[in-house]
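Before any comments, here is the structure.
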Amino acid sequence: QVQLVESGGGLVQPGGSLRLSCAASGNTTSITAMSWSRRAPGELRESVAWISSGGTTNYLDAVKGRFTISRDIAKNTVYLQMNNVRPEDTAVYYCRAERGYEVYWGQGTQVTVSS
């Protein structure tokens with residue numbers, strides 16, 4: 001079992017920055033990839049950023065150049081640095097971890113971008 005806890009969400013003005021954290025606990029030694037997804041009200045969930053155990057990253061086109069995903073293996077934590085945020089970034093952000101064929105999700109953290 002792997003448990004994921006997101007933190008760092010909140011209210012931020014357009015153009016501002018936030019840093020989301022996702023701390024993994026439990027059986028974390030075999031996690032091969034982690035990612036962030038988001039769900040806005042009335043919309044489908046969409047994948048935002050991915051990072052593999054080898055350090056390869058990928059991003060949703062809408063956030064590329066503004067968001068950065070990173071991973072601290074020693075701390076069992078993945079981060080999403082969100083710069084120059086826009087109102088359309090408002091959503092609940094979810095952390096996901098993959099361990100073999102198993103997938104685990106966090107409870108989500110709310111990000112609201114408003115002036």
Side-chain angles (χ1 to χ4, degrees):
Q1 290 288 328
V2 174
Q3 294 81 44
L4 304 174
V5 179
E6 300 100 330
S7 62
L11 177 65
V12 62
Q13 293 184 339
S17 297
L18 282 177
R19 191 191 196 199
L20 306 184
S21 299
C22 174
S25 61
N27 190 5
T28 63
T29 59
S30 298
I31 292 176
T32 56
M34 300 188 74
S35 62
W36 290 92
S37 300
R38 67 186 182 187
R39 188 191 302 275
E43 300 184 9
L44 299 175
R45 178 186 294 170
E46 60 182 353
S47 295
V48 176
W50 307 257
I51 186 167
S52 72
S53 59
T56 301
T57 60
N58 204 355
Y59 297 92
L60 180 71
D61 286 344
V63 308
K64 199 164 189 175
R66 300 187 296 118
F67 293 5
T68 302
I69 188 171
S70 61
R71 184 180 178 185
D72 188 329
I73 301 298
K75 295 182 178 180
N76 294 317
T77 301
V78 66
Y79 305 94
L80 185 67
Q81 180 66 46
M82 306 169 60
N83 295 329
N84 192 24
V85 296
R86 305 167 180 172
E88 53 263 41
D89 294 323
T90 296
V92 178
Y93 284 73
Y94 297 91
C95 178
R96 187 182 79 163
E98 298 178 8
R99 183 168 62 90
Y101 294 102
E102 299 175 347
V103 178
Y104 301 90
W105 293 89
Q107 81 290 338
T109 184
Q110 176 71 49
V111 173
T112 302
V113 182
S114 179
S115 59

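Using a 4.5 Å heavy-atom cutoff, the side chains of Leu4 and Tyr94 are not in contact. Side-chain contact between Val103 and Arg96: present, with at least one pair of heavy atoms (C-beta onward) separated by less than 4.5 Å.
For the 3.5 Å distance criterion, the side chains of Glu102 and Tyr104 qualify, holding a donor opposite an acceptor.
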Test log, rule side chain to side chain contact (heavy atoms under 4.5 Å, CB included), inputs Ser25 and Asn76: CA-CA 7 Å; Ser25 61; Asn76 294 317; over 6 Å; no
Chi angles and distances behind the side chain to side chain contact (heavy atoms under 4.5 Å, CB included) call for Phe67, Leu60: CA-CA 9 Å; Phe67 293 5; Leu60 180 71; over 6 Å; no
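With values rounded to the nearest 0.5 angstrom, Thr29 atom OG1 is found 11.5 Å from Ile73 atom CD1. Taking CG of Asp89 as the start and OG1 of Thr112 as the end, the distance is 11.0 Å to the nearest 0.5 Å. Between the OG atom of Ser35 and the CG atom of Asn58 there is a distance of 11.0 Å, given to the nearest 0.5 Å. Separation of atoms OG (Ser70) and CD (Gln81) is listed at 8.0 Å; rounding is to 0.5 Å. Atom-to-atom distance recorded for Glu46:CD and Leu44:CG is 9.0 Å, nearest 0.5 angstrom. In this structure, CZ on Arg38 lies 7.0 Å from CE on Met82, to the nearest 0.5 angstrom.
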Side-chain polar contacts of residues 16-24 - donor-acceptor pairs under 3.5 angstrom, sequence neighbours left out - could you list them?
residue: Ser17; atom: OG; partner: Asn83; partner atom: OD1; Å: 3.0

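Geometrically, Arg39 does not engage Trp105 in a cation-pi contact defined by less than 6.0 Å to the ring centre and at most 45° from the axis.
The two residues Ala49 and Leu80 come nearest to each other via the heavy atoms CB-CD1, 4.1 Å.
With sequence neighbours left out, the side chain to side chain donor-acceptor pair (under 3.5 Å) criterion links Tyr59 to no other residue.
One N or O on the side chain of Thr90 and one on the backbone of Pro87 form a donor-acceptor pair closer than 3.5 Å. Between the side chain of Glu6 and the main chain of Gln107, a donor-acceptor pair closer than 3.5 Å is present.
Tyr79 and Trp36 fall into different hydrophobic clusters, defined by Ile, Leu, Val, Met, Phe, Trp and Tyr side-chain heavy atoms under 4.5 Å apart, directly or through other members.
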